[in-house]
Every structure is written in structure tokens, then in C-alpha cells.
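FYI, the numbering just counts along the sequence from 1. Every heavy atom of this structure was used, including side-chain atoms; hydrogens, water molecules and symmetry mates were not. Just so you know, ligand 1 is whichever comes first in the structure, and atom 1 is the first atom listed for that ligand.
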Amino acid sequence: MGMNRNKSPDTGGVIAQVVLMFLFSSTDNTALRMAVDKILQERLKMYPGSARINLSSSTLTVCGLRYNRSTVSPRITGGVEIWGSGEWPWQASLMRNNIHRCGATLISNTWLVSAAHCFKESSNPRLWTVSFGTYLTPSLLVRPVKTIIVHEKYRYPAHEYDIAVLQLAKGVDFTSAVHRVCLPDASEMIPYNIDAVITGWGAMSDDGETPNVLQEATVKLIDSNTCNRKEVYNGAITPGMICAGYLEGGVDSCQGDSGGPLVTPDTRNMWYLVGIVSWGDECAKPNKPGVYTRVTYFRDWITKYTGL
Ligand code: ARG
């Protein structure tokens, strides 16, 4: 469990960002958490200014942290086992009839975002389950789905508005291996040419096989003017989309990665969801990079349906 605190005591002063992490060994940690909250609230009263903490459990936990061995000292954890998985703890698999169909990204302990086109055959929540963990089988955790909300303007086979949110029937307890990503603000300007990471269990090549182990690849964000060039996507990239990949080809998301995350780290190494795997002309071809739903563009839509 962690907490993120921004404090700016006076204008022109210092902004201190404090992340407090508490590792509770028991799963029933409510009493302990309340005790910690109380002490923190008491202590915060001593400080003037805007310091605040929000006590609801989902905001109490920081987003976008990767608790793997390379970022968390094993000395603190007392062992490596619990950090062994959870390289990309917000990645989920959307299963229909227990078969992996799409990726999805955890944005709170009950909500995920995915692509609208994943539900073109059925958006009946009873047919879908969400699984977490690095492996499809055995999965770490499986949850039934309660609600699926597909963007009201999405019309297959058009690629616009390719976004959906889904709510789990029962929330997950955040752990090192299952954890939410951060969402950027709607006003965030996403730079291009920077590295981003895509993850998923999609095909390893066009028409290729589905791996059991989660795959990751580094791609570059491509500006929309370049992506709209005649030899690239010839004007098909709308403001709700963002391209990522390489014009020379070779690295890309592919069938089965849809709905999954395109993420970038900020300077604190917290990971933000920039895109949702949406479409492309086959996979990894030159001049045909992956096209992703632009999360900042749909940020207010996400808030409207999830309250996040
Ligand atoms: N539409 C595909 C899916 O359903 C994802 C396509 C991504 N394609 C690409 N070349 N990046 O899984």
C-alpha cells in the first residue's frame, strides 16, 4: 500500500512528492490501514498549506509503479518471490469462454479500459472474464465482469471511438503483481519520438501464435502529421488516435494485443497509459505503425462512466 503526497507550502517554494509504502502481511488489513491513516492525518495537521491525503483505499494506493526486482530492493521485501511476477501489473487478459481475446488495463481496483472493437461480437458481461498475471495459464487471478460500457459512438468497422470500460464484479486487492496504471490528464500534451512500451499476449507475427507469457516491446510515439502522410495512413489518423512503432517496421502490436496498454514512464518512474491498442495494417510492416486510441482525448469520457 502506498501514498502519494504533493506539498507546496508557498508559491515559489518547494514541491515535495512523498510516496509512503506500507506492506501489510495479512490480507485483512482494514484495521491496520485505518490506524495508519489516523496517525498520518494527525501529523499532517502540524503542516500549513495544501497538504492533504485522500483516505479512500483505491487512491491511497499509488498508480503506475512496477514492483519488480529492478525497482524494489529485495532487502525491504525480505525475499524475491513476491516480486517475481508483476512486471506489468496493470495488464489484464480479456477472456471470452476462457479464451484470450484482447488485452485490458487496470485503472482502479474495479475498472479496466480496453478497446470497443473487442466487444463487437458480444458485450454481454456474463460471457467475459478478466485474468491477471504474467501467464495466461496458470493465471494469477480471475474475475467475472459486471458491466461493459462501449463508447456510444463506436461503429464497427470504423476505428474511431475504439474504447470501452469494464467493471469487475468484485474488486481486486492491489498487490505487487496486480495494480493500477496512472491515467494522464486530458490536457496532457504527449510528446512524440519518445519511447513507450506495449505489452500483450497478441500474435508474435501477423497470423502467428498466441504466447502464454506476456510479451513487451519498446516503440516510439509518432506524431500524427507523419502518421497521416500519404505513404503511411493517408489521413486516417483522427485526433482520438496516436501512432506508435517504427516507420521502418519490425516492432509492433498485433492481433490479440487489442485493448491492451501503450505506456510511458514519467520522471518519477510512474507509468501512464497513453494509448490502447486499436488497429494497424497487418503487423510490423514498414510505414504501417500501430494505431492506438489516444487516452488523453477520451480522458473525460472515462471519468464520465467510471468517476475516475
Ligand atoms: N485489431 C487488433 C486486435 O484486435 C490489433 C491490431 C494492432 N495492429 C497493429 N498492427 N498494431 O488485436
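Dense packing is recorded around OH of Y154, with more than 12 heavy atoms of other residues, nucleotides or ligands lying under 6.0 Å away.
Listed by number with element, the atoms of ligand 1 under 4.0 Å from a non-hydrogen atom of Q255 are 1 (N), 2 (C), 3 (C), 6 (C), 12 (O). Shown in contact with C283 at under 4.0 Å from a heavy atom are these atoms of ligand 1, numbered in order with element: 10 (N). The ligand atoms of ligand 1 that sit less than 4.0 angstrom from a heavy atom of D252 are 9 (C), 10 (N), 11 (N). When each atom of ligand 1 is checked for a heavy atom of G290 under 4.0 Å away, the hits are 11 (N). Atoms of ligand 1 lying under 4.0 Å from at least one heavy atom of D257, given by number and element, are 12 (O). Heavy-atom contacts of G256 reach the following atoms of ligand 1: 3 (C), 12 (O) (cutoff under 4.0 Å).
Closest of all the heavy-atom pairs between W201 and T134 is NE1-O, 3.2 Å.
A heavy-atom separation below 4.0 Å is not found between K288 and ligand 1. Residue contacts with ligand 1 include S278, since one of its heavy atoms falls under 4.0 Å from the ligand.
Without hydrogens or angle criteria, S139 side chain to Y135 main chain gives no donor-acceptor distance under 3.5 Å. Counting only distance, with no hydrogens or angles, the side chain of N228 and the backbone of N225 share no donor-acceptor pair below 3.5 Å. Looking only at distances, a side-chain donor or acceptor of Y233 sits under 3.5 Å from a matching main-chain atom of D281.
Under 4.0 angstrom from ligand 1, there are no non-hydrogen atoms of D281. By the criterion of a heavy-atom distance under 4.0 Å, the backbone of C254, and not its side chain, is placed next to ligand 1.
E121 and R96 are joined by a salt bridge, as a carboxylate oxygen and a charged side-chain nitrogen come within less than 4.0 angstrom of each other.
Screening residues 192-203 for salt bridge (charged side-chain N to carboxylate O under 4.0 Å, His left out), with sequence neighbours left out, gives D195-K220.
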Mind running salt bridge (Lys or Arg N to Asp or Glu O under 4.0 Å) on E87 and R66 for me, showing each step along the way? CA-CA 6 Å; E87 279 280 309; R66 299 177 59 204; 2.9 Å; yes
Show the numbers, then the answer: is there a side-chain contact (heavy atoms from CB on, under 4.5 Å) between I237 and R229? CA-CA 10 Å; I237 307 305; R229 288 205 307 239; over 6 Å; no
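Scanning S258, A115, A244 for the heavy atom closest to atom 12 (O) of ligand 1 points to S258. With K120, E282, H159 as candidates, the residue nearest to atom 10 (N) of ligand 1 on a non-hydrogen basis is E282.
Protein heavy atom closest to atom 9 (C) of ligand 1, with residue, atom name and distance, is S253 O, 3.3 Å.
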